[in-house]
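Counting convention: from 1, in listed order, for ligands and their atoms alike.
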Amino acid sequence: MRTQVGIIGAGPSGLLLSHLLHLAGIESIVVEDRSRRYVEERIRAGVLEQQCVDLLVESGVGGRLLREGLVHHGVNLRFGGRTCRIDFARLTPGRAVTVYGQHEVVKDLIAARIEAGGEILFDVEDTSVEGIATDAPRIRFRHGGQAQSIACDFIAGCDGFHGISRPAIPHGALKVYERVYPFAWLGILAEAPPCSDELIYALHDDGFALLSMRSPRITRLYLQCRPDEDLEAWSDDRVWAELHKRLEDRDGPRVNEGPILQKGVTPMRSFVVEPMRHGRLYLAGDAAHIVPPTGAKGMNLAAADVRVLAHAFAAYYRERRTDLLDAYSAAALGRIWKAQRFSWWMTSMLHRFDGDSAFDRRRQLAELEYVAGSVAAQTSLAENYVGLPLD
Ligand code: APR
Ligand code: PHB
């Protein structure tokens, strides 16, 4: 097989890149080691920045998103028995976020690629890359029991944090920046109407909790827990008791209970590698960086990366320009580090850290009090949450 850009991974990064390249008249093949069903049902976060929505709509894959996505004009911070609403409509006029599950974006992108005759090979095994420092890189894998390979002009490593692309770059060529947090999130998907129209981020003495949603019938909830948490220890009764305790204040609504459809533990990490390129291998999305989910930036960063990368490939194929490809890593990293800062800040402000001193606890509450009382601080939170402007 031969193509112009070989893409490893059919998550949001790989699929959106393939779609944008197609619109620019550039061929690609996507290889994915999971099944189509698995990637279409994998539950992840679901908050899209305004410009991520705009990109999906302008590129023709936003129809269902516009019909079914829930537009939110604010979020709530709950602490010390009170609630502070961050009002996007007032603080960042004209900008909002849309709640729409990442797996729904994945479904829409797969449907669009297949409709356009695009090639996505699911269920591949033993993916590897070779010749990434040459002009003739190649992706090797097994598919349907047969050894296969794709000769490409370029490879896009969109295979997430645990993929093979980043480790294929020689040791020493990448600088790694990393922070692992001493807690995780227990994620719960429940068949119950959300008790609030907008997200609630709560800090309680027993830890963080978040109320989000997938639809008017489905609530998505998270509880701060230990990274090695045993799911067996979380009966449904314990989950609901903890959610009521952490999320409800004196006057607010009670969290609605319903059948729990899914429970899982998400570790929390901040991670970046620089540069996001080696030779003809370009990294995008979670393959190059991870944010803790508190700022809801993961998929938005993935979309921002591939937007820049697709432009750079388009300039190369249209005019043989290599300057934008050379500039890709630095251009993407500017936004990534700002999102890292924001995600770290939200995480630090809203979680209990074991071992915090009495001073640390008071300072954390003062931070929340400051945000609650300052238009400047709320504007800063709002502009980061809805998404900083594109460069
Ligand atoms: N060969 C082929 N595919 C692979 C391989 C491999 N060796 N390793 C991983 N993959 C696939 C995974 O199965 C997954 O479908 O690559 C895809 C990577 O997708 P994501 O992990 O969703 O990463 P990305 O597309 O960059 O999207 C980032 O995902 O984790 C969330 O919060 C994160 O929202 C962010 C988004
Ligand atoms: C989600 O709906 O899954 C969600 C929302 C906000 C976050 C993280 C996850 O910060």
Counting heavy atoms only, which part of D33 comes closer than 4.0 Å to ligand 1: side chain, backbone, both or neither?
-> both

Ion pair check, E40 and R37, cut-off under 4.0 Å | no

Give the residue, atom name and distance (to 0.1 Å) of the protein heavy atom nearest atom 32 (O) of ligand 1.
-> G298 CA, 4.0 Å

May I have the N/O to N/O pairs between ligand 2 and the protein that fall below 3.5 Å, each with atom names and distance to one decimal?
residue: ligand 2; atom: 2 (O); partner: S212; partner atom: OG; Å: 2.6
residue: ligand 2; atom: 2 (O); partner: R214; partner atom: NH1; Å: 2.9
residue: ligand 2; atom: 2 (O); partner: R214; partner atom: NH2; Å: 3.4
residue: ligand 2; atom: 3 (O); partner: R214; partner atom: NH2; Å: 2.7
residue: ligand 2; atom: 3 (O); partner: Y222; partner atom: OH; Å: 2.6
residue: ligand 2; atom: 10 (O); partner: Y201; partner atom: OH; Å: 2.7
residue: ligand 2; atom: 10 (O); partner: P293; partner atom: O; Å: 2.7
residue: ligand 2; atom: 10 (O); partner: T294; partner atom: O; Å: 3.3

Go through R277 and S329 one step at a time and tell me if the side-chain hydrogen bond (donor to acceptor under 3.5 Å, both in side chains) criterion holds.
-> CA-CA 7 Å; R277 170 210 182 161; S329 176; over 6 Å; no

When you look for heavy atoms under 4.0 Å from ligand 1, do you find them on the side chain of L301, its backbone, both, or neither?
-> neither

Taking only residues two or more places apart in sequence, or in another chain, which ones meet F353 in a ring-ring contact (aromatic ring centres under 6.0 Å, His included)?
-> F183

What atoms in ligand 1 come closer than 4.0 Å to a heavy atom of V31?
-> 2 (C), 3 (N)

In terms of its nearest heavy atom to atom 21 (O) of ligand 1, the top option of R42, H162, R44 is R44

Is a side-chain donor-acceptor pair under 3.5 Å present for S270 with Y177?
-> no

Counting only pairs under 3.5 Å, give me each side-chain donor-acceptor contact of residues 158-168, with atom names and distances, residues two or more places apart or in other chains.
residue: D159; atom: OD1; partner: S165; partner atom: OG; Å: 3.1
residue: D159; atom: OD2; partner: I164; partner atom: N; Å: 2.8
residue: D159; atom: OD2; partner: S165; partner atom: N; Å: 3.0
residue: D159; atom: OD2; partner: S165; partner atom: OG; Å: 2.9
residue: R166; atom: NH1; partner: F161; partner atom: O; Å: 3.4
residue: R166; atom: NH1; partner: A287; partner atom: O; Å: 2.7
residue: R166; atom: NH2; partner: F161; partner atom: O; Å: 3.1

Which atoms of ligand 1 sit under 4.0 Å from any heavy atom of V39?
-> 15 (O)

Are M346 and F271 connected in the hydrophobic side-chain network, where two residues link if heavy atoms are under 4.5 Å apart?
-> no

For atom 26 (O) of ligand 1, state which one of P292, G160, S13, P293 supplies the nearest heavy atom.
-> S13

Is any side-chain N of the basic residue among D249 and R82 closer than 4.0 Å to the acidic one's carboxylate O?
-> no

For ligand 1, the portion of C158 having any non-hydrogen atom under 4.0 Å away | backbone

Closest non-hydrogen protein atom to atom 34 (O) of ligand 1, residue and atom name please, with distance?
-> Q102 OE1, 2.6 Å

Closest non-hydrogen protein atom to atom 27 (O) of ligand 1, residue and atom name please, with distance?
-> P12 CD, 3.4 Å

Tell me whether the guanidinium CZ or amine NZ of K338 lies under 6.0 angstrom from the six-membered ring centre of F342 and within 45° of its axis.
-> no

Just how far is it from atom CD1 of I290 to atom CG of L301, taken to the nearest 0.5 Å?
-> 10.5 Å

Atom 19 (O) of ligand 1 has as its nearest protein heavy atom G11 CA, 3.5 Å

Should we say atom CG of D236 is surrounded by more than 12 heavy atoms from elsewhere, each under 6.0 Å from it?
-> yes

Nearest heavy atom to atom 33 (C) of ligand 1: which of V291, D126, D286, L121 does it belong to?
-> D286

Atoms of ligand 1 less than 4.0 Å from G285 heavy atoms?
-> 26 (O)

Test: R140 and D126 ion pair at under 4.0 Å | no

Would D305 and R335 count as a salt bridge (charged side-chain N to carboxylate O under 4.0 Å, His left out) if you check the C-alpha gap in whole Å, the side-chain angles of each, and the deciding distance to 0.1 Å?
-> CA-CA 9 Å; D305 285 358; R335 185 176 193 79; over 6 Å; no

Provide the number and element of each atom of ligand 1 under 4.0 Å from a heavy atom of R34.
-> 13 (O)

Only distances under 3.5 Å count here; give the side-chain donor-acceptor pairs of residues 310-322 to other protein atoms, sequence neighbours excluded, each with its distance to 0.1 Å.
residue: Y316; atom: OH; partner: R320; partner atom: NH1; Å: 2.9
residue: Y317; atom: OH; partner: D153; partner atom: OD2; Å: 2.6
residue: R321; atom: NE; partner: D323; partner atom: OD1; Å: 3.0
residue: R321; atom: NH2; partner: D323; partner atom: OD2; Å: 3.0

Could you tell me the residue and atom name of the protein heavy atom closest to atom 12 (C) of ligand 1, and the distance to it rounded to 0.1 Å?
-> E32 OE2, 3.5 Å

Atoms of ligand 1 under 4.0 Å from any heavy atom of I164, numbered from 1 in the order shown, are 7 (N)

Considering only heavy atoms, which of I7, T266, D159, I8 lies nearest to atom 16 (O) of ligand 1?
-> D159

Should we count CG of D354 as having more than 12 external heavy atoms under 6.0 Å?
-> no

Minimum side-chain heavy-atom gap F122-Y38 below 4.5 Å = no

If we number the atoms of ligand 1 from 1 as shown, the ones under 4.0 Å from a heavy atom of G163 are 8 (N)

May I ask you to identify, for M299, whether its side chain, its backbone, both or neither come under 4.0 Å of ligand 1 on a heavy-atom basis?
-> both

Do NZ/NE/NH1/NH2 and the carboxylate oxygens of E49 and R95 come within less than 4.0 Å?
-> no

Hey, is T127 touching ligand 1 through its side chain, its backbone, both or neither, going by heavy atoms under 4.0 Å?
-> side chain

